[in-house]
Asks: 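Sending over a structure as structure tokens; questions will come in a sec.
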Number of protein chains: 2
Amino acid sequence: MFGHSSRTRGRRGADLATRTSPKLSMLEQFAKVAKALGNPHRLDLLELLAQGERSVEALAAASGLSFANASQHLQVLRRSGLAVSRRNGLHVLYSLSGDDVLALMGALRRTAERHVEEIDRLLRGYFHQRDALEAVSRDDLIGRLTDGSVTLLDVRPPEEYAAGHLPGAVNIPLKDLKRRLSELPEATEVVAYCRGPYCVLAYEAVAALRKCGRAARRMEDGFPEWRMAGLPVETDDVIEAATTVAKPPSS
Amino acid sequence: MFGHSSRTRGRRGADLATRTSPKLSMLEQFAKVAKALGNPHRLDLLELLAQGERSVEALAAASGLSFANASQHLQVLRRSGLAVSRRNGLHVLYSLSGDDVLALMGALRRTAERHVEEIDRLLRGYFHQRDALEAVSRDDLIGRLTDGSVTLLDVRPPEEYAAGHLPGAVNIPLKDLKRRLSELPEATEVVAYCRGPYCVLAYEAVAALRKCGRAARRMEDGFPEWRMAGLPVETDDVIEAATTVAKPPSS
DNA sequence: TCGATATTCAAGAGAGTTATTGAATAGTAT
DNA sequence: ATACTATTCAATAACTCTCTTGAATATCGA
């Protein structure tokens, strides 16, 4: 078929595909999206974008990438259709292009979890007390919230909390946790959540709380998964990066 | 593998690298899986693998790749956990590592469909009569099958048909369709299916049938989606290492 | 207009990916 | 064993990706 005719040196990639088969052209488009996902920094940026719309500057700082580098990665995400951007004054604000991107990231995570054995090693190595840090599922949490037997703790940075958080959650960023421990009632168990299933913030918050003698567990998912499940979300007026966040009044 | 992270942290502060290090390691694993998806030939191979277990030789022939090249791509898929292989005599048989891989491919396709505008262009360009080739959904098809008002046509190659097909489907590969047209009853509508939503075989079969004055439509999905939905599947028992040379059944 | 700021662009070094070729390995049959 | 086959490995050349640097562009406020 097509491969044998192209055996004559050179001419690969888009040319080959467009010349030979409509299907390969389609697959090339799919591959472009997959390629955009195929870099850890871009996956990190996508998780940050899943918390809400943010400027290049904020994303570069949060991901630890240089400014130009973050910009280039974000452009890859935009060109692949995974993210979109809009200009707001001096800032360019990036966000995910839709909830299907979250679904795709979830599918990627599940497959990687199930098939890449090194992930198990990493989980045991880095998230060392993982067995002790048993997660609370979304459904469990909903039940526990209605009967008031838990305090819900959001350990993300304030700007991410402001862009959207679980109803009734208290926001104490990880680094302030020890100092502000008194803000959490001692009687009830604390359930902490952060950006997503493999965000370390919640793990470390739970570890820190237990060290202080508190009962604490981590929620299985992060904020984006909660929002995507159609569950209620609370929003504060945006602090940084003045954007027009159209939202229906709640609470 | 982890070479770059320790070298470049001079200016942005070491805490970022340290804080996100376990997470970046996780993301690196996820990225490895995404990278494996990020090549059109490998996506093509994955779709072939979704039809059933097959030898490197058969996969190379079906995808049009050279032998060594197909082998290398398949090894990438195996290393990323998307595919598994087992030895059977002279042949090494590859297959998908699980149904979650199909789910991942589906999520990738949906995101690409929704966000990559070039795909629309391709659909209009190559699958030119697309509006006329309106698809039958799985549920519709199930209804139509039970009341006997359709003939179900599998246009994939015989070895893929043998590895699994929809109950009651007639197998006529695309290239034999004109010659074997008489095997299809004239009275009932024909519904054709093939490897998946963007496999061209069914599109072309429907176009060919209509040219001959038959009523024909294409099923929305292919065989793998049908099987993954838990719907009944028929298998011809004889295949194991199906290659171009038909071996007589020995067991 | 100007200067200040946020982002993008351009160019280049270094690492990684791809397809090809030919050689090496692992199984099977004689 | 020996010949044979299917697959993998190794080496190579062309190409792509990533990150850095410094310059260019766009927007805002004075």
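It should be emphasised that the depicted structure is a prediction, and the values quoted were computed from it without experimental measurement. Letters A, B, ... are given to chains in the order of the sequence lines, protein chains preceding strands, and every chain is numbered from 1.
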Asks: ring-ring contact (aromatic ring centres under 6.0 Å, His included) with B:His73: which residues, sequence neighbours excluded?
Replies: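 If we apply the ring-ring contact (aromatic ring centres under 6.0 Å, His included) test to B:His73, skipping adjacent residues, there are no hits.
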Asks: Tell me: CG of B:Leu65 to C1' of C:dT20, nearest whole Å?
Replies: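 Spelled out: CG on B:Leu65 to C1' on C:dT20 is 12 Å.
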Asks: Atom CG of B:Leu43 and atom C1' of C:dT18: how far apart are they, to the nearest Å?
Replies: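 Taking CG of B:Leu43 and C1' of C:dT18, I get 15 Å after rounding.
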Asks: So, applying side chain to side chain contact (heavy atoms under 4.5 Å, CB included) with B:Ser55, which one of B:Leu90, B:Leu93, B:Val92 is it?
Replies: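 Going through B:Leu90, B:Leu93, B:Val92 one by one, the side chain to side chain contact (heavy atoms under 4.5 Å, CB included) with B:Ser55 is satisfied by B:Leu93 alone.
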Asks: What is the bend of the helix from C:dT1-D:dA30 to C:dT30-D:dA1 when you compare the axis at one end with the axis at the other, using five pairs each and rounding to 10°?
Replies: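 Inter-axis angle at the ends, rounded: 30°.
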Asks: Over all heavy atoms of both residues, which pair between A:Cys194 and A:Val155 is shortest? Give the atoms and the distance, please.
Replies: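 Distance-wise, the nearest heavy atoms are CB-CG2, 3.9 Å.
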Asks: With sequence neighbours left out, what residues match A:Tyr161 under ring-ring contact (aromatic ring centres under 6.0 Å, His included)?
Replies: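 Expected list: A:His165.
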Asks: Suppose we screen for salt bridge (charged side-chain N to carboxylate O under 4.0 Å, His left out). Which residues come up paired with A:Arg156, at least two apart in sequence or across chains?
Replies: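 Salt bridge (charged side-chain N to carboxylate O under 4.0 Å, His left out) check on A:Arg156 returns A:Asp154.
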Asks: Nearest-Å distance, CG (A:Asn88) to C1' (C:dT5)?
Replies: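 After rounding, the gap between these two atoms is 14 Å.
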Asks: Whole-Å distance between C:dA19 C1' and B:Arg42 CZ?
Replies: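 Result: 12 Å.
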Asks: Strictly below 4.0 Å: does A:Ser66 bring a side-chain N or O up to OP1 or OP2 of D:dT20?
Replies: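 Yes, within the criterion.
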Asks: Under the side-chain hydrogen bond (donor to acceptor under 3.5 Å, both in side chains) test, which residues partner A:Asp100, sequence neighbours left out?
Replies: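 Per chain and number, A:Asp100 pairs via side-chain hydrogen bond (donor to acceptor under 3.5 Å, both in side chains) with B:Thr111, B:Arg114, B:His115.
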Asks: Nearest whole angstrom, please: distance from the C1' of C:dT18 to the CG of B:Leu45.
Replies: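 Going from B:Leu45 (CG) to C:dT18 (C1'), I get 14 Å.
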Asks: Identify the heavy atoms of B:Ala60 and B:Ser66 that sit nearest to each other, and give their distance.
Replies: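 Where B:Ala60 meets B:Ser66 most closely, the heavy atoms are CB-O, 4.3 Å.
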Asks: On DNA chain D, nearest-nucleotide positions of A:Gly89 versus A:His73: which is more 5'?
Replies: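 That would be A:His73.
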Asks: Using a strict 4.0 Å threshold on nitrogen-to-oxygen distance, state whether B:Arg109 and B:Glu113 make a salt bridge.
Replies: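 So B:Arg109 pairs with B:Glu113 through a salt bridge.
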Asks: Quick check on D:dT18: is either OP1 or OP2 less than 4.0 Å from any side-chain nitrogen or oxygen of A:Asn39?
Replies: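 Answer yes for this pair, as a side-chain N or O of A:Asn39 is under 4.0 Å from OP1 or OP2.
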Asks: Starting from P on D:dA13, measure out to CG on B:Asn69 and report it in whole angstrom.
Replies: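 In whole Å, D:dA13 P lies 18 Å from B:Asn69 CG.
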Asks: Classify every nucleotide of nucleotides 7-12 of chain C by which part a protein heavy atom approaches to under 4.0 Å, writing B for the base, S for the sugar-phosphate alone and - for neither, in 5'-to-3' order.
Replies: BBBB--
Asks: Short question: side chain of A:Arg42, backbone of A:Ala36 - any donor-acceptor pair under 3.5 Å?
Replies: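 The answer is yes, because a donor-acceptor pair under 3.5 Å joins these two groups.
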Asks: Take the protein atom NE2 of B:His41 and the nucleotide atom C1' of D:dC15, then report the distance between them rounded to whole Å.
Replies: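 It is 14 Å, rounded to the nearest whole Å.
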